[in-house]
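The structure under discussion appears below in the form of structure tokens.
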Amino acid sequence: MTIAPARHNGERGQTAWSDAQLLYALEEVVEKELNRHLGVAKEWMPHEYVPWSDGRNFDGVMGGEAWAPEQSKVTDIGRIALVVNLLTEDNLPSYHHEIASLFGRDGAWGTWVHRWTAEEGRHGIVMRDYLLTSRAVDPVELERFRMAHMSEGFESDNSHSMLHSVAYVAFQELATRISHRNTGHHSGDPVCDRMLARIATDENLHMVFYRNLLGAAFELAADQTMCAVRDVVTGFRMPGHGIPGFERAAARMAIGGIYNLRIHHDDVLQPVLRYLKVLDIGGLGPAGLAAQEELGLFMGGLDGQAQKFDERRATLLARRAARA
């Protein structure tokens with residue numbers, strides 16, 4: 001495979017890289033990170049995290065018992081978050097198509113694409129088995145939401161650019177880990193908490209892979225990578241934004257402490273930015289410097305928005321406690 005050299009763009013020696021050039025240049029990094037990942041990832045079995053003895057037939061063709069809210073062991077906020085999290089995982093075929101189209105199916109990139117997809121597949125399997133066996137959520141509503149969500153499909157906001165896609169998943173995998181972990185903490189069911197902790201461990205390893213890949217991209221194409229990170233951070237959306245009723249569910253998850261502006265700022269964006277020292281990178285051209293400045297201003301503004309949200313949330317929770 002012959003790759004042309006990166007094109008000089010006239011900005012302090014900075015060069016413009018095409019997606020093909022970056023894919024080729026980062027192949028060795030992908031192979032290194034893939035081998036590291038395979039060395040630390042632990043095999044686990046989804047069926048071991050499901051309370052099968054709690055299961056019984058539902059109504060319908062099996063003539064069992066219809067679902068009712070009082071059968072669920074999880075909290076109200078736990079049910080909302082579990083549905084959102086599972087429906088997000090359900091769109092795995094679309095996610096696979098997106099990254100396979102961007103990263104390819106050959107070499108280290110292709111091996112990673114398929115390995116990531118296989119690992120993510122376990123998450124949907126174990127979550128659905130747990131939810132149905134423990135009667136945690138309404139199975140009819142869950143299936144109708146799944147059909148509606150998957151029928152719409154998924155198109156990434158960042159499918160136009162390999163760098164934007166790498167930057168997005170570096171943050172999104174951490175966001176997903178945080179969402180799963182907090183859902184477990186707030187679920188009220190130790191079995192659910194243990195299951196989601198196992199899933200969160202996978203998501204963290206995926207984040208490390210993409211975060212390290214993003215760091216290597218900064219070394220190759222600092223200006224372009226800075227611009228990609230700026231675009232992704234300022235326009236970030238969770239992949240489940242197309243789920244029916246997502247806005248209302250997201251608002252309740254925010255108030256319930258599952259995922260909100262403060263968590264997004266403190267536990268998702270800041271850790272990745274600090275680890276890579278994004279706001280301290282030097283030697284940038286004009287475009288990179290402008291993107292770095294915009295990113296810093298955005299983070300400061302987001303912190304202010306998170307502070308206002310914290311105050312409103314505290315007031316709301318205090319009112320609820322007083323009424324209770």
Side-chain angles (χ1 to χ4, degrees), residues 46-47 49-96 120-155 172 175-200 203 237-260 316 320:
H47 71 272
Y49 290 82
V50 179
W52 299 106
S53 60
D54 292 349
R56 59 190 186 277
N57 291 343
F58 286 100
D59 58 334
V61 296
M62 298 297 291
E65 181 183 2
W67 183 83
E70 60 270 16
Q71 296 167 4
S72 177
K73 297 179 182 179
V74 301
T75 59
D76 289 343
I77 189 61
R79 284 201 298 275
I80 293 169
L82 282 164
V83 170
V84 170
N85 290 355
L86 175 55
L87 292 176
T88 300
E89 299 284 357
D90 274 336
N91 245 343
L92 182 59
S94 288
Y95 306 150
H96 174 84
E120 288 287 342
R122 288 190 297 212
H123 303 168
I125 291 170
V126 70
M127 288 182 68
R128 175 165 281 97
D129 285 347
Y130 164 80
L131 293 182
L132 296 181
T133 301
S134 67
R135 291 179 173 248
V137 303
D138 182 348
V140 174
E141 181 181 71
L142 180 66
E143 177 59 12
R144 287 173 176 165
F145 279 168
R146 187 192 70 83
M147 286 294 296
H149 184 42
M150 293 192 70
S151 295
E152 287 294 320
F154 172 82
E155 184 176 353
Q172 180 266 320
T176 304
R177 178 181 83 85
I178 295 296
S179 181
H180 282 313
R181 201 68 193 93
N182 286 342
T183 299
H185 289 328
H186 290 277
S187 68
D189 181 9
V191 175
C192 180
D193 191 23
R194 182 171 61 242
M195 172 195 65
L196 292 176
R198 177 58 260 187
I199 292 175
E203 303 289 11
R237 294 195 298 174
M238 290 293 273
H241 59 79
I243 293 170
F246 178 79
E247 290 78 10
R248 184 168 184 269
R252 295 182 68 179
M253 289 168 65
I255 295 170
I258 304 293
Y259 200 94
N260 54 43
L316 176 60
R320 288 181 178 179

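Residue numbers count from 1 along this sequence. On a predicted model such as this, the values are computed, not experimentally measured, just so you know.
Residues Arg128 and Asp90 are paired through a salt bridge, judged by an N-O separation under 4.0 Å between the basic side chain and the carboxylate.
Of the possible polar contacts, one joining the Trp52 side chain to the His47 backbone as a donor-acceptor pair under 3.5 Å is found. Panel note: side chain Trp67, backbone Arg135; a donor-acceptor pair is recorded below 3.5 Å. Judged by distance alone, the side chain of Ser179 and the main-chain N or O of Ala175 form no donor-acceptor pair under 3.5 Å.
With values rounded to the nearest 0.5 angstrom, Met253 atom CE is found 5.0 Å from Thr183 atom OG1. Rounded to the nearest 0.5 angstrom, Leu132 CG and Asp54 CG are separated by 13.0 Å. Within the model, atoms CD of Glu152 and CD1 of Ile243 stand 12.0 Å from one another, a figure rounded to the nearest 0.5 Å. Atom-to-atom distance recorded for His186:NE2 and Asp76:CG is 13.5 Å, nearest 0.5 angstrom. Taking NE2 of His185 as the start and SG of Cys192 as the end, the distance is 11.0 Å to the nearest 0.5 Å. Between the OG1 atom of Thr88 and the OH atom of Tyr95 there is a distance of 5.0 Å, given to the nearest 0.5 Å.
Among all heavy-atom pairs drawn from Ala200 and Arg181, the shortest one is CB-CD, 4.0 Å.
Counting heavy atoms from C-beta outward, Thr133 and Arg56 have side chains that stay 4.5 Å or more apart. The shortest side-chain heavy-atom distance between Pro239 and Asn91 does not fall under the 4.5 Å cut-off. Side-chain contact between Arg320 and Leu316: present, with at least one pair of heavy atoms (C-beta onward) separated by less than 4.5 Å.
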> Would Leu82 and Leu196 satisfy side-chain contact (heavy atoms from CB on, under 4.5 Å), going step by step from the backbone distance to the final call?
Replying inline: CA-CA 10 Å; Leu82 282 164; Leu196 292 176; 4.0 Å; yes
>> Run the salt bridge (Lys or Arg N to Asp or Glu O under 4.0 Å) test on Arg144 and Glu141 for me, step by step, so that the C-alpha distance in whole Å, both residues' side-chain angles and the decisive distance to 0.1 Å come before the verdict.
In response: CA-CA 5 Å; Arg144 287 173 176 165; Glu141 181 181 71; over 6 Å; no
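Under the side-chain hydrogen bond (donor to acceptor under 3.5 Å, both in side chains) test applied with His180, the options His123, Arg198, Glu89 reduce to a single match, Glu89.
With a 6.0 Å radius and a threshold of 12 heavy atoms from other residues, nucleotides or ligands, Glu65 has its CD atom above the threshold.
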